[in-house]
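Heavy-atom basis, side chains included; hydrogens, waters and symmetry copies ignored. Given the structure is predicted, the values throughout are model-derived calculations rather than measurements. Start at 1 and go down the list; that is how both ligands and their atoms are numbered.
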Amino acid sequence: ANAKQQLDGIAAYQQGQDERHLRDLTIIQDLPGALAANALSVHYQPKVLLANQRCEAAEALIRWQHPSLGFIPPDEFIRLAEHAGLIQEVTDWMLRQVIRQAAEWHTQHPRLRLAVNLSPVDLIDEQLPARIAEELELASVSAEMLALEVTEGAVMQNPQRVIQVLQQLAALGIELAIDDFGTGHSSLAYLKQLPVHEVKIDRAFIKEIEHNTQDELIVQATAQLAKGLGFKVTAEGLENEAGLLKLTQLGCDTVQGYYYSRPLPASDFASWLQQFHSQHQVESRERP
Ligand code: C2E
Ligand code: MG
Ligand code: MG
Ligand code: MG
């Protein structure tokens with residue numbers, strides 16, 4: 001019976017592997033066509049400045065509702081796109097959508113900055129800065145409306161080449177952020193050598209911040225050192241009000257998370273922004 005169970009287990013595992021393999025292949029096969037047909041979309045998540053409760057930035061996050069597989073998490077298809085050599089198409093598609101959106105929002109929200117995530121592969125692409133500059137020019141959008149997020153690991157893969165690309169991007173006027181900070185192996189001292197403006201502390205340290213003293217110490221030390229070195233500090237993944245008080249005390253400048261809003265489709269984000277700012281104006285008028 002034992003041997004039979006084992007064989008059944010192996011068969012089930014093998015079937016699971018085959019299904020995963022098939023799913024991966026479907027994703028890789030369908031992605032280029034979906035991009036060409038604009039069948040993916042972009043959601044925007046607000047980043048709120050604690051000092052004045054203003055939202056002057058948002059992160060753009062890619063979304064794919066696949067006709068037969070349903071919602072595919074970006075982590076999953078981005079990783080596959082990287083392996084399949086499709087990431088440049090994804091990044092270019094995102095940049096085009098977000099830059100067009102920035103053009104649309106500019107009149108009403110001239111100070112709004114939209115952040116796009118880059119993959120490690122994008123950072124060794126020496127043509128990327130020129131393509132972004134062209135896209136900005138086509139849409140008559142200033143580089144001040146754009147930010148880019150990169151991970152520590154992406155920089156470490158090939159520091160010399162990546163620094164060149166980052167310097168070109170920064171020279172255009174694009175703000176650069178280190179994403180998921182604290183999960184990789186680089187230090188703030190090392191990041192100081194990069195043309196990076198902002199450090200985003202990973203959600204792993206934020207999600208239990210109100211009752212985990214170790215996380216509190218890590219966030220405090222990171223925020224203090226990062227600010228001392230001239231970086232803006234953002235906390236990612238705040239979900240509740242107790243955490244907000246902590247993050248304010250610990251010296252974070254900006255907070256992003258479900259507490260303020262989940263990532264929203266463009267039109268919902270625009271409504272959120274208006275309501276958030278009109279509500280805050282009411283609150284500050286009511287204050288003595
Ligand atoms: P990320 O860049 O660190 O993005 C933040 C992720 O945390 C997003 O997940 C966001 O929805 C989620 N998040 C924000 N606030 C909270 C919170 O309070 N609680 C929880 N539980 N989660 C929160 P999402 O959209 O699933 O994206 C996951 C990752 O996929 C991103 O992590 C980024 O690495 C990658 N990604 C997303 N869009 C793109 C893209 O257009 N290009 C590239 N290269 N990567 C992307
Ligand atoms: Mg990000
Ligand atoms: Mg992140
Ligand atoms: Mg991430």
Do any of the N/O/S atoms of E59, backbone or side chain, fall under 2.8 Å from the Mg ion (ligand 2)? yes
Under 4.0 Å from a heavy atom of [X]: give me the atoms of ligand 1 that qualify, with their elements.
X	result
M94	41 (O)
E239	17 (C), 18 (O), 19 (N), 20 (C), 21 (N)
S119	44 (N)
D180	3 (O)

Report, rounded to 10°, the angle at the Mg ion (ligand 3) between the two atoms OD1 (D179) and OE2 (E236). 90°
Closer than 2.8 Å to the Mg ion (ligand 3), do we get an N, O or S atom from E149, backbone or side chain? no
So F269 and Y44, would you call those rings parallel, tilted or perpendicular, with 30° and 60° as cut-offs? tilted
In chain order, what residues pass the side-chain contact (heavy atoms from CB on, under 4.5 Å) check against Q14, with sequence neighbours excluded? Q17, D18
Using ring-ring contact (aromatic ring centres under 6.0 Å, His included) as the criterion, list what pairs up with F77, not counting sequence neighbours. W64
On the ring face of F231, is K200 found with NZ or CZ under 6.0 Å from the centre and within 45° of the axis? no
Take every heavy atom of [X], measure it against each atom of ligand 1, and state whether any distance is under 4.0 Å.
X	answer
R63	yes
K207	no
G237	yes

At under 4.0 Å between heavy atoms, what of R262 touches ligand 1? The answer is neither
What do we get for E59 next to ligand 1 when only non-hydrogen atoms under 4.0 Å count, side chain, backbone, both or neither? side chain
Should we count CD of E137 as having more than 12 external heavy atoms under 6.0 Å? no
Do we see a donor-acceptor contact under 3.5 Å between the side chains of E239 and Y260? no
Do T91 and D122 meet the criterion of a side-chain donor-acceptor pair at a distance under 3.5 Å? yes
